[in-house]
4 protein chains.
Amino acid sequence: MEKNTPSKKAKRDPEGRREKIIAATVEVLAEVGVAKVTHRLIAARAQVPLGATTYYFPTLQELIRVAVDEVVSQSRQYLATWTSELERSLDFRKTLADLADRYVQDRSRAILEYEIYVAAARTEELDPLARVWRDEVPALLGRYMDSRAAKALSVFLNGSMLEAVTSGLPFDRQGLDFALESFLNLPVPNN
Amino acid sequence: MEKNTPSKKAKRDPEGRREKIIAATVEVLAEVGVAKVTHRLIAARAQVPLGATTYYFPTLQELIRVAVDEVVSQSRQYLATWTSELERSLDFRKTLADLADRYVQDRSRAILEYEIYVAAARTEELDPLARVWRDEVPALLGRYMDSRAAKALSVFLNGSMLEAVTSGLPFDRQGLDFALESFLNLPVPNN
Amino acid sequence: MEKNTPSKKAKRDPEGRREKIIAATVEVLAEVGVAKVTHRLIAARAQVPLGATTYYFPTLQELIRVAVDEVVSQSRQYLATWTSELERSLDFRKTLADLADRYVQDRSRAILEYEIYVAAARTEELDPLARVWRDEVPALLGRYMDSRAAKALSVFLNGSMLEAVTSGLPFDRQGLDFALESFLNLPVPNN
Amino acid sequence: MEKNTPSKKAKRDPEGRREKIIAATVEVLAEVGVAKVTHRLIAARAQVPLGATTYYFPTLQELIRVAVDEVVSQSRQYLATWTSELERSLDFRKTLADLADRYVQDRSRAILEYEIYVAAARTEELDPLARVWRDEVPALLGRYMDSRAAKALSVFLNGSMLEAVTSGLPFDRQGLDFALESFLNLPVPNN
DNA sequence: TATGAATGAGTCTTCATTCAT
DNA sequence: GATGAATGAAGACTCATTCAT
C-alpha cells in the first residue's frame with residue numbers, strides 16, 4: 001500500500017493551502033466587498049484555522065493585494081476569451097453583446113470587479129484591475145475599428161455594464177448596438 | 001423675556017444639530033469612504049459630543065442611510081444645476097463637458113457617489129442614487145436629443161466620468177465630443 | 001437619605017478611575033517589569049474591565065509613559081524627604097545611610113526604578129527617571145559638600161544601592177561611610 | 001570513502017550549530033533586549049531554520065538561560081583582560097579609565113549586561129552575572145589597594161558605568177580620577 | 001535527525017452601543 | 001433631554017511550541 005495515498009486530506013500542501021486561501025479571499029471579497037473582509041471570514045471560507053491566514057500572508061492588506069492580483073490575472077484571461085471569441089466570430093456586434101451579457105450575468109464577480117475598480121480611487125494598490133479595463137479593452141477593440149472609436153466603445157461598454165450590474169437588469173443589447181453603429185459610421189469630427 | 005436669548009451659542013436646536021451631524025457624516029463619508037466611518041469621526045467633524053450621534057440616530061447604519069439620502073438629494077439638486085446651465089447655454093457640447101469636468105474635479109465627492117452607486121448592487125437601500133443617474137440624466141439629456149441617443153450619452157458619460165474619477169486623470173473632453181457627434185449624427189439603426 | 005451615599009462603589013468617577021489604572025500600572029510594573037506589562041494584567045490589578053485601560057489611554061506605551069511619570073513624580077517627592085530629613089539631621093552620615101537603607105528595603109519599588117533606569121537606555125521616554133538620580137541627587141548632596149564630591153557620592157550611592165537591590169543584601173553602611181570620608185577629606189586633585 | 005566528505009558545507013555539526021544559535025541569541029539579546037527576543041529573530045540571525053532553535057533548546061526561556069550563561073562566561077573572560085592589562089600597565093589610573101571607557105562604548109552589550117544585572121533581582125538564575133561584578137571586580141582591584149578601597153572603587157565604577165550607559169554620555173574619567181584619589185589617600189576611618 | 005508548516009492562545013487596539021448621571 | 005463614561009465583542013497580528021514529514 002502506498003504511503004502517499006490520497007486520503008481524506010492532502011496534508012502538508014503549503015502551495016495548495018496558499019492558493020486555497022487566495023481563492024477564499026476572492027470569494028469573500030466578491031460576497032461582502034473589500035470593506036468588510038476579515039481574516040475570520042476568509043479562514044472560515046477556506047476551512048483553515050485563523051492563524052493560517054496570517055501565517056501565509058503577513059497582513060490582511062497583503063492578502064487582499066494578492067487576491068486582487070488574482071482577480072486581475074483572471075480578468076486578463078477572461079479578456080483573452082473575448083479576443084479569441086471575437087476573432088472566431090462572424091458577427092462582431094452580436095458576439096460583443098453576448099460577451100458583455102455573459103460578464104454581467106456572473107453578477108457577484110462583476111460587482112466585485114466594479115468595487116475594486118472604484119476602490120482603486122482611494123487605494124493605489126487596487127489600480128491594476130482598473131488599468132486592465134482602461135487600457136486593454138480599447139486595445140482589444142482596436143482590432144476592429146479606429147482607436148478613437150475603440151476607446152469610446154470601451155467607455156460606453158463600461159458604463160453600460162456598470163449600469164446592468166448595479167441595477168440587476170439584463171445587459172442593454174440595443175443600447176450597445178446603437179452605440180456601436182454610432183461610433184463606426186460617423187465621420188470623425190475635426191474639433 | 002424671550003426664551004431664546006442669544007447667549008454664547010444658540011443652544012437647544014435639535015433640528016440644527018441633527019442636520020449638522022448628517023452634514024458631517026456626508027463629509028466624512030466622502031473623505032474616508034463608507035468602510036471607515038465611525039461615530040467618533042463624525043462627532044469630531046460635527047463638533048458635537050460623541051453621545052449626540054447615537055442620541056439622534058439609533059445606529060451608525062441608520063445614520064449612514066440618512067446621510068446617503070442626503071447625498072441623493074444633493075445629487076438631485078446638483079442635476080438641477082445641469083438642467084439650468086444647459087438651458088441657458090449657447091454651446092451644449094461645451095457646457096456638458098464643463099459640467100462633467102466640474103463633477104469629476106470634486107474628486108472625493110465623486111468617489112463617494114460611485115462607491116454608493118456600486119454598493120447599491122449589494123444593498124437595496126442605496127439604489128436611489130443609482131437611479132438618479134440611471135433615470136434622471138437620460139431624461140435631462142432627452143431635451144436635446146431623441147431618447148435613444150440620450151440614454152446612450154448618459155451611459156457614455158457615466159463610463160467616462162467613472163474612468164476619470166478612478167484614474168485621477170482629467171475628464172476626457174474629446175472623447176465626449178466624439179461620442180456626442182456620433183450619437184447625434186447617425187441615422188438610427190433599424191435593428 | 002442622601003442620594004450620593006458612598007455606597008459600595010463610587011460610580012462614575014473618571015478621574016479616580018484614571019488614577020486607579022495608573023496606580024495599578026505602577027504596581028504591575030514593579031512586579032513583572034517593564035517587559036511584561038500587559039493591558040490584561042493592569043486591568044485585573046485595577047479591577048476594571050479590559051476596555052477601560054484603552055479607553056483612558058490610547059496605547060499601552062502611553063499608559064506606561066504616564067505611569068513612569070508617576071514614578072518620577074513619586075521619586076521627586078521621595079527625594080524631597082531626603083532633603084528635609086538631611087536638613088533636620090544632626091548626623092549627616094547616619095541619616096544618609098538610613099535613607100539609602102530605607103530606599104533599598106522597599107525592594108520591588110527599588111527594582112522597578114532600576115529597571116526603568118536601565119530600560120531608559122533603549123527607550124527614550126523612560127529617561128526622566130534616570131535624570132532625577134543623575135541630576136537631582138548630586139544637587140541635593142551639593143548642599144553639604146563641593147559639587148565634585150557630591151557627584152562622586154551620588155554615583156557611589158547609586159552603585160551601592162544597585163548592588164543591594166540586585167543582591168538582596170542589606171545596604172552596605174560601612175561602604176558608604178568609607179566613601180563619604182574619602183570624598184570629604186581628600187584635597188581635590190588638580191588634574 | 002570518507003563519511004565526512006567536504007561537500008558544499010560542513011554538514012552535520014550539531015555542536016557547531018548549537019553554538020551558532022547561542023551566539024546569535026546573545027547578539028539578538030544585546031540588540032533588542034530580553035523582552036523582545038523571539039525564535040524567529042534568533043533563527044534569522046544564526047542563519048538556521050526556525051525548527052533548529054527549538055530542536056536544540058526545549059524552550060525559548062531555556063535558550064535565553066544558556067545565552068545568559070554565555071554572557072557570564074564572556075564577562076569573566078572580559079575581566080581577565082582587565083586583569084592582564086592592568087598588570088602590564090605603568091599607569092593604573094589611566095588604564096582603568098580606558099578599560100571602563102571601552103566597556104561603555106560597546107553600548108548595546110553593556111546595556112544587555114546591566115539589564116541582566118537588574119533582572120537578576122527578579123530571577124534567581126540571572127544572578128551569576130551580577131556576582132561577577134559584585135565579587136570579581138573587587139578581587140581584581142584588590143591587587144592594587146586594600147580591600148575596602150577596592151570594594152568602594154568597584155561600587156563607584158559600577159555606578160559610573162551605569163550612568164554612562166543609560167545616559168549615552170561618555171564615561172566620566174575625571175569622576176573616576178577623583179574617586180580613585182579619594183579612596184587611596186584617605187586615612188581609613190575608625191568607625 | 002531536522003525542518004518548516006501549523007495553530008491557538010494571547011497581544012494591542014478600535015468602536016458601536018449602552019446607560020448612569 | 002444630553003452626554004461622555006463604560007464595556008465587551010471583534011479586529012489584526014505575533015509567536016512559542018508542536019509535530020508531520
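Numbered from 1 within each chain, the chains take letters A, B, ... in sequence-line order. In this text, all values refer to a predicted model and were calculated from it rather than measured experimentally.
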### Query
Rounded to the Å, how far apart are A/I42 CD1 and F/dC13 C1'?
13 Å

### Task
Under a 3.5 Å limit for both distances, which nucleotide forms a Watson-Crick or G-U wobble pair with F/dT21, could you say?
E/dA2

#### Entry: Under-4.0 Å side-chain N/O to phosphate OP1/OP2 contact, D/H39 with F/dC15
no

### Message
Applying the Watson-Crick and G-U wobble criteria at under 3.5 Å, what pairs with E/dC12? Answer none if nothing qualifies.
### Response
F/dG11

### Message
Between D/R122 and C/V32, is there a side-chain heavy-atom distance shorter than 4.5 Å?
### Response
no

### Closest-nucleotide 5' rank along DNA chain F - winner of A/T38 and C/A52
C/A52

### Query
NA contact type, D/F57, heavy-atom cut-off 4.0 Å: base, sugar-phosphate, or nothing?
nothing

### Task
Scan A/P58 against the nucleic acid and name what it touches under 4.0 Å (heavy atoms): base, sugar-phosphate only, or nothing.
sugar-phosphate

### Message
Can you tell me how far apart CD1 (A/I42) and CD1 (A/I22) are? Round to the nearest 0.5 Å.
### Response
10.5 Å

## Note on the structure
Atom CG of A/L63 and atom P of F/dT14 are separated, to the nearest Å, by 14 Å

### Message
Whole angstroms only, please: what is the CG-C1' distance between C/L41 and E/dA9?
### Response
15 Å

### Query
Which heavy-atom pair separates B/V28 from B/R45 by the least distance, and what is that distance?
CG2-CB, 3.9 Å

### Query
Reckon A/R40 has a side-chain N or O less than 4.0 Å from the OP1 or OP2 of F/dG11?
yes

### Message
Checking contacts here: which listed nucleotide (E/dT14, E/dA2, F/dT18) is nearest the side-chain heavy atoms of D/Y56?
### Response
E/dA2

## Note on the structure
In whole angstroms, the gap separating C1' of E/dA16 from CZ of B/R65 amounts to 18 Å

### Message
For a 4.5 angstrom cut-off between non-hydrogen side-chain atoms, does D/S108 reach D/E27?
### Response
no

### Message
Just to be sure I understand the rule, does A/V37 reach a base, reach only the sugar-phosphate, or reach nothing, if contact means heavy atoms closer than 4.0 Å?
### Response
sugar-phosphate

### Message
If you define the side chain from C-beta out and look only at heavy atoms, does anything of B/V71 sit under 4.5 Å from B/S75?
### Response
yes

### Message
Rounded to whole Å, please give me the gap between CD in B/Q61 and C1' in E/dT17.
### Response
14 Å

### Query
Mapping A/G51 and C/V48 onto DNA chain F by nearest heavy atom, which one lands closer to the 5' end?
C/V48

### Summary
Walking DNA chain E from its 5' end, the first of B/L50 and C/L60 to be reached, judged by nearest nucleotide, is C/L60

### Task
Check if the side chain of B/R17 and the base of F/dA2 share a donor-acceptor pair of N or O atoms closer than 3.5 Å.
no

### Task
Ignoring backbone atoms, establish whether A/Y55 has a side-chain N or O less than 4.0 Å from OP1 or OP2 of E/dT7.
no

### Message
If I take atom CG in residue A/D13 and atom P in nucleotide F/dA20, what distance separates them, rounded to the nearest angstrom?
### Response
17 Å

### Task
Could you tell me the separation between the CD1 atom of A/I64 and the C1' atom of F/dC13, rounded to a whole number of Å?
14 Å

### Side-chain heavy-atom pair B/T53, B/T25 within 4.5 angstrom cut-off
no

#### Entry: Atom-to-atom span, CD of B/E62 to P of E/dT18 - whole angstrom
14 Å

